[in-house]
Asks: 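The structure under discussion is supplied below as structure tokens; questions concerning it will follow.
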Amino acid sequence: MEPFRYQQKNGVPYFTVEEWERMFPHLTVGFSAKDHKEDKFCRNYALHVGDQPEQVLSNRKELSDALQMPFSAWTCGEQVHGVHIETVGEKHRGYGKDSRKTAFQDTDGMVTNETGILLAAYFADCVPLYFYAPDVDWIGIAHAGWKGTVGGIGSKMVGRFTSLGADPGKIRVVIGPSIGSCCYEVDERVYRPLENILSDEKALNEVAVSREPGRWQLDLKKANAKILEKAGVHPRHILLSRFCTSCDQDYFYSHRRDQGETGRMVAYIGKKERGSE
């Protein structure tokens, strides 16, 4: 079953992760969507795309209102397709909400145990990874493009949670909408590092299918799932979206489909005060 459910609230389109919000009602978890009748970057959430910061900030504020999370909670990093992870405390609340300069620099992963902080990351084909460790009540989010994937950001996030006292076997992960293997062909520059990190021929054959010599159709979502399982996350605790950001153009921006001239979706996770849900 697809874990992401589309909805609109006050005219704002977005997806929620119903299973998590039902099981853990103090969590707010989801992914933004395009407007079906939108202008080119009408629902863009990243400040580095285009030249309409007023529109981006308006979008962020409208989504925050729809989620009933104050805009002051919005906290993000300046993503660089790396594997650096920040631990977010109360003093960091609001980093990057209205300026790239105030975001965590060179950061593709964030974790926190604070309430009232909305961890946000931006996507237009790369893989969103959402984390919740119920035994210690920590949440996290990571941006996994192919570089982050082969760099092991998923396993590094599991390692960070483990260092905070979490049992890897209890960690929950949602793998969000991203480009699918149907639309994502790669060469040896991507395949060989993936081969090294998976180090399992069966797993590798499940995520990368060769159609011609030196070319593979890569399922980046499934690759991250395999890496997370190898790091100790139980397969039954991983939810994987079937949405392809390139195919499903009514809902998503796609860097590859739109040849770089595109907006960005936002993936978010936050904790509300218990009893406020």
Side-chain angles (χ1 to χ4, degrees), residues 2-17 29-64 66-67 74 76-81 96-98 100 103 107-108 118-130 141-149 153 174-186 217-221 224 240-269:
E2 171 58 48
F4 287 80
R5 184 177 70 85
Y6 179 80
Q7 61 179 288
Q8 285 199 31
K9 186 173 182 181
N10 300 329
V12 180
Y14 59 101
F15 292 84
T16 57
V17 181
V29 191
F31 197 65
S32 70
K34 290 170 58 178
D35 276 332
H36 288 225
K37 301 177 182 178
E38 68 164 17
D39 295 330
K40 192 172 186 180
F41 298 135
C42 180
R43 285 291 169 187
N44 173 38
Y45 286 89
L47 283 168
H48 65 284
V49 177
D51 57 355
Q52 303 176 42
E54 298 85 1
Q55 181 69 57
V56 170
L57 295 182
S58 176
N59 292 342
R60 293 181 178 184
K61 290 173 183 177
E62 287 181 2
L63 180 58
S64 295
L67 301 176
W74 192 289
C76 55
E78 183 73 358
Q79 298 162 195
V80 293
H81 296 274
K97 67 181 175 61
D98 51 19
R100 292 173 61 187
T107 296
D108 285 81
L118 190 70
L119 302 179
Y122 308 105
F123 299 86
D125 281 337
C126 295
V127 181
L129 302 176
Y130 306 76
I141 200 162
H143 167 259
W146 75 263
K147 290 181 180 178
T149 298
I153 193 167
V174 178
I175 300 176
S178 73
I179 196 165
S181 60
C182 49
C183 300
Y184 192 44
E185 184 182 80
V186 300
Q217 297 299 129
L218 175 59
D219 189 330
L220 207 53
K221 286 178 284 193
N224 276 281
L240 194 151
S241 176
R242 295 193 301 269
F243 282 117
C244 170
T245 47
S246 181
C247 288
D248 297 310
Q249 55 187 319
D250 284 343
Y251 293 123
F252 306 114
Y253 296 113
S254 169
H255 187 272
R256 181 164 287 209
R257 181 192 69 222
D258 302 332
Q259 299 181 335
E261 294 294 319
T262 196
R264 296 292 187 276
M265 288 79 66
V266 61
Y268 58 83
I269 183 170

Asks: Please check if the side chain of E2 supplies one atom and the backbone of R242 the other of a donor-acceptor pair under 3.5 Å.
Replies: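 Flag set: sc E2 to bb R242 pair under 3.5 Å.
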Asks: What pair of heavy atoms forms the shortest contact from L220 to W146, and how long is it?
Replies: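 Closest approach of L220 to W146, heavy atoms only: CD2-N, 4.0 Å.
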Asks: Do T16 and F4 have side chains that approach each other closer than 4.5 Å (heavy atoms only, starting at C-beta)?
Replies: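 Heavy-atom side-chain distance check fails, nothing below 4.5 Å.
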Asks: Looking only at atom types and distance, does a side-chain atom of Q52 sit under 3.5 Å from a main-chain N or O of E54, one as donor and one as acceptor?
Replies: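 Side chain of Q52 to backbone of E54, a donor-acceptor pair under 3.5 Å: no, none is there.
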Asks: Could you check whether any side-chain N or O of N224 sits under 3.5 Å from a backbone N or O of V127, counting only pairs where one atom can act as donor and the other as acceptor?
Replies: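 Not at all, since once roles are kept as given, no pair shorter than 3.5 Å links the two residues.
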Asks: So which heavy atom on N59 is nearest to which on N44, and how close?
Replies: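 It is ND2-O, 2.9 Å.
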Asks: Answer with yes or no whether the side chains of T107 and E78 bring together a donor and an acceptor at under 3.5 Å.
Replies: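 Distance-only check fails for E78 and T107.
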Asks: Check I141, L118, V174 against I269 for a side-chain contact (heavy atoms from CB on, under 4.5 Å) and give me the one that passes.
Replies: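 With I269 as partner, side-chain contact (heavy atoms from CB on, under 4.5 Å) holds for just one option, I141.
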Asks: Indicate the ring-plane relationship of F252 and F15, choosing parallel, tilted or perpendicular according to the 30° and 60° boundaries.
Replies: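 Geometry flag for F15 against F252: parallel rings.
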Asks: Under the salt bridge (Lys or Arg N to Asp or Glu O under 4.0 Å) rule, what do R256 and D125 come out as? Steps first, then yes or no, please.
Replies: CA-CA 7 Å; R256 181 164 287 209; D125 281 337; 5.6 Å; no
Asks: Evaluate side chain to side chain contact (heavy atoms under 4.5 Å, CB included) for R60 paired with L47, printing each intermediate quantity in order.
Replies: CA-CA 10 Å; R60 293 181 178 184; L47 283 168; 3.8 Å; yes
Asks: Please check: side-chain N/O of D219 versus main-chain N/O of K221, any donor-acceptor pairing under 3.5 Å?
Replies: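 Yes, the answer is positive, given that a donor and an acceptor are paired below the 3.5 Å cut-off.
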Asks: SG/C76 to NZ/K97 distance, rounded to the nearest 0.5 angstrom?
Replies: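 That separation rounds to 10.0 Å.
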Asks: If you look at every heavy atom in R43 and K34, which pair is closest and at what distance?
Replies: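 Taking every non-hydrogen atom into account, CB-CA, 4.2 Å.
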Asks: When you measure from the side chain of T262 to the backbone of D258, do you find a donor-acceptor pair of N or O atoms at a distance under 3.5 Å?
Replies: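 No, T262 side chain to D258 backbone: no donor-acceptor pair under 3.5 Å.
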Asks: Heavy atoms only: give me the nearest L240-P3 pair and the separation to one decimal.
Replies: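 Looks like O-CD, 3.7 Å.
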Asks: Could you state the interatomic distance from OH (Y6) to OH (Y14), rounded to the nearest 0.5 Å?
Replies: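 One gets 10.5 Å once the value is rounded to the nearest 0.5 Å.
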Asks: Would E261 and H255 satisfy side chain to side chain contact (heavy atoms under 4.5 Å, CB included), going step by step from the backbone distance to the final call?
Replies: CA-CA 7 Å; E261 294 294 319; H255 187 272; over 6 Å; no
Asks: Check for a donor-acceptor pair, side chain of N10 on one end and backbone N or O of A66 on the other, with a separation under 3.5 Å.
Replies: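 No; judged by distance alone, with no hydrogens or angles, the pair does not exist.
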Asks: Hey, could you give me the CD/CG distance between E62 and L57, rounded to the nearest 0.5 Å?
Replies: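 Between E62 CD and L57 CG, I get 11.5 Å after rounding to 0.5 Å.
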Asks: Counting the benzene-type ring for Trp, do H143 and Y122 have ring centres under 6.0 Å apart?
Replies: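 Aromatic pair excluded; centres sit 6.0 Å or further apart.
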Asks: Describe, in one word, how the ring planes of W74 and Y45 are oriented to each other, choosing from parallel (under 30°), tilted (30 to 60°) and perpendicular (over 60°).
Replies: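 Judged by the thresholds at 30° and 60°, the geometry between W74 and Y45 is parallel.
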Asks: Are the side chains of Y130 and I175 in touch, meaning some heavy atoms are under 4.5 Å apart?
Replies: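 A side-chain contact is absent here, since even the closest heavy-atom pair is not under 4.5 Å.
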Asks: Kindly say whether V266 contributes a backbone atom to a donor-acceptor pair with the side chain of S32 at under 3.5 angstrom?
Replies: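 Yes; at least one donor-acceptor contact below 3.5 Å.
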Asks: Over all heavy atoms of both residues, which pair between C126 and S178 is shortest? Give the atoms and the distance, please.
Replies: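 Result for this residue pair: O-CB, 3.2 Å.
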Asks: Given C244, which of S254, S181, C183 fulfils the side-chain contact (heavy atoms from CB on, under 4.5 Å) condition?
Replies: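 By the side-chain contact (heavy atoms from CB on, under 4.5 Å) criterion, C244 pairs with just one of S254, S181, C183: C183.
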Asks: Could you report the tightest heavy-atom contact between T245 and M265, atom names first, then the distance?
Replies: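 The answer is CG2-CE, 3.9 Å.
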Asks: Any side-chain heavy atom of F31 within less than 4.5 Å of one from F243?
Replies: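 No - every pair of side-chain heavy atoms lies 4.5 Å or more apart.
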